[in-house]
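Heads up, the thing below is written out as structure tokens.
Just so you know, residue 1 is the first one in the sequence shown, and it goes up from there.
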Amino acid sequence: MMLRPCLPSPSAHPPVGPRWLHEIKHDGFRLFARRDGERVRLITRGGCDWSDRYPLIAAAVAALAMRSCLIDGEAIACDAKGLADFQLLRRRRHDHAVTLCAFDLLELDGRDLRHEPIEVRKRELAALLAGCGPGLVGNRAFDEPGDVVYAHACLLGCEGIVSKRRASRYVDGRTDKWCKVKNPAAPAVRREAEEHWGRR
């Protein structure tokens with residue numbers, strides 16, 4: 001299976017209506033957790049294997065009760081307040097404690113789940129992660145209105161939210177079935193603005 005992530009389209013405002021579910025966007029590294037039998041790989045968007053870099057995640061994936069899986073998520077390091085802090089990842093002093101915040105399940109025991117509705121993938125992922133060890137946690141999806149979830153994410157200081165269309169499939173590349181709304185006050189957004197300014 002080719003590892004190309006599904007990417008949300010930027011949006012100025014959260015979508016409204018019951019056809020959407022919403023997740024917190026955490027400030028971290030996008031990461032695939034791949035297990036085949038006893039072999040575990042943590043694969044970056046660039047194709048690097050970081051299983052040695054993040055041993056807590058690798059151990060948690062190795063302990064899951066299945067033969068094979070492919071999990072999509074965000075590798076995060078949290079500060080004292082429990083908020084994902086990208087600088088902790090960048091400085092690499094907390095590699096031993098980095099957690100994978102899992103939000104999608106693409107394959108399980110040889111079954112390709114990418115064409116299943118997101119609700120099915122979420123349900124299978126929650127069942128897979130039930131009782132999992134430290135290093136692996138499910139990213140909760142909220143049914144509340146997008147503007148309410150977004151407001152709470154901003155109050156907490158999170159990067160923003162990702163909204164996903166119900167019944168949507170997992171596709172390669174950018175899609176309008178997923179959209180992200182960023183918190184302009186979040187460190188991640190300020191950092192991106194500074195990096196963009198530096199390239200001008």
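Considering every non-hydrogen atom in both Ile24 and Cys158, the closest pair reads CG2-SG, 3.7 Å. Residues Ala153 and Gly160 share a closest heavy-atom pair of CB-O, 3.9 Å. The two atoms that bring Ala84 and His26 nearest to each other are CB-CB, 4.1 Å, heavy atoms only. Nearest heavy-atom pair, Ser68 versus Gly110, reported as atom, atom and distance to 0.1 Å: OG-N, 3.3 Å. Pairing each heavy atom of Ala75 with each of Ile57, the nearest pair is CB-CD1, 4.4 Å. In this structure, Ala141 and Lys122 approach most closely via the heavy-atom pair CB-CE, 4.3 Å.
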- Task: Check step by step if side chain to side chain contact (heavy atoms under 4.5 Å, CB included) holds for Ile76 and Phe86.
- Result: CA-CA 7 Å; Ile76 60 171; Phe86 188 80; over 6 Å; no

- Task: List the steps and the verdict of salt bridge (Lys or Arg N to Asp or Glu O under 4.0 Å) for Glu124 and Arg111.
- Result: CA-CA 11 Å; Glu124 296 257 13; Arg111 292 187 295 128; 3.2 Å; yes

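Between Leu64 atom CG and Cys132 atom SG the span is 6.5 Å, to the nearest 0.5 Å. Interatomic distance, CD1 of Ile71 versus SG of Cys101, reported as 11.5 Å (0.5 Å rounding). For the atom pair CG (Asp143) and CZ (Arg140), the distance works out to 8.5 Å, reported to the nearest 0.5 Å. Distance check, rounded to the nearest 0.5 Å: SG of Cys6 to NZ of Lys177 gives 10.0 Å. With rounding to the nearest 0.5 angstrom, the CZ atom of Phe29 is 13.0 Å from the CG atom of Leu42. For the atom pair Ile43 CD1 and Leu70 CG, the distance stands at 7.0 Å (nearest 0.5 Å).
Both Tyr150 and Phe142 are assigned to one and the same hydrophobic cluster, defined by single-linkage of ILVMFWY side chains at heavy-atom distances under 4.5 Å. Two different hydrophobic clusters hold Leu125 and Val120 under the rule that ILVMFWY side chains link at heavy-atom gaps under 4.5 Å. A continuous path of hydrophobic side-chain contacts links Leu100 to Met66 [ILVMFWY only; heavy atoms under 4.5 Å]. Linking ILVMFWY side-chain heavy atoms closer than 4.5 Å, directly or via other members, places Leu129 and Val40 in a single hydrophobic cluster. Note on Val181 and Val149: same hydrophobic cluster, where clusters join Ile, Leu, Val, Met, Phe, Trp and Tyr whose side-chain heavy atoms are under 4.5 Å apart, directly or indirectly.
With hydrogens and angles left out, the side-chain atoms of His13 and Asp147 include no donor and acceptor closer than 3.5 Å.
Side-chain rings of Tyr170 and Trp178 approach one another, their centers coming within less than 6.0 Å.
In this structure, the side chains of Asp72 and Phe103 come closer than 4.5 Å at one or more pairs of heavy atoms. A heavy-atom distance below 4.5 Å is found between the side chains of Thr44 and Trp50. Looking at heavy atoms from C-beta onward, Asp104 lies in side-chain contact with Leu106 at the 4.5 angstrom threshold. The side-chain heavy atoms of Val162 and Cys179, taken from C-beta on, include no pair separated by under 4.5 Å. In this structure, the side chains of Glu119 and Arg166 come closer than 4.5 Å at one or more pairs of heavy atoms. You'll find the side chain of Leu136 stays beyond 4.5 Å of the side chain of Thr99, heavy atoms only. A 4.5 Å side-chain heavy-atom check between Pro14 and Ile161 finds at least one atom pair inside the cut-off. At least one side-chain heavy atom of Val98 sits under 4.5 Å from a side-chain heavy atom of Leu89.
Between Asp49 and Arg41 there is no salt bridge, since no side-chain nitrogen of the basic residue lies less than 4.0 Å from a carboxylate oxygen of the acidic one. Looking at Asp85 and Arg90, no side-chain N of the basic residue comes within less than 4.0 Å of a carboxylate O on the acidic one, giving no salt bridge. Using a cut-off of 4.0 Å between Lys/Arg side-chain N and Asp/Glu carboxylate O, Lys25 and Glu74 are scored as salt-bridged. Ion pairing of Asp95 with Arg92 is present here, as a side-chain N (NZ or NE/NH1/NH2) and a carboxylate O approach within less than 4.0 Å. The existence of a salt bridge linking Lys164 and Glu23 is confirmed by a sub-4.0 Å separation between a basic side-chain nitrogen and an acidic carboxylate oxygen.
The environment of CZ in Arg30 is crowded: more than 12 heavy-atom neighbours from other residues, nucleotides or ligands sit within 6.0 Å. Within a 6.0 Å sphere centred on CD of Glu144, other residues, nucleotides and ligands contribute more than 12 heavy atoms.
Arg169 places a side-chain N or O within 3.5 Å of a backbone atom of Ala167 that can act as its donor or acceptor partner. With hydrogens and angles ignored, the 3.5 Å screen pairs no side-chain donor or acceptor of Asp36 with any backbone N or O of Arg39. Arg35 contributes no side-chain N or O that, together with a main-chain N or O of Cys69, makes up a donor-acceptor pair within less than 3.5 Å. No donor-acceptor pair closer than 3.5 Å links the side chain of Arg45 to the backbone N or O of Pro5.
Considering Arg67, Arg114, Arg34 in turn, Arg34 is the only one that fulfils the salt bridge (Lys or Arg N to Asp or Glu O under 4.0 Å) rule with Glu107.
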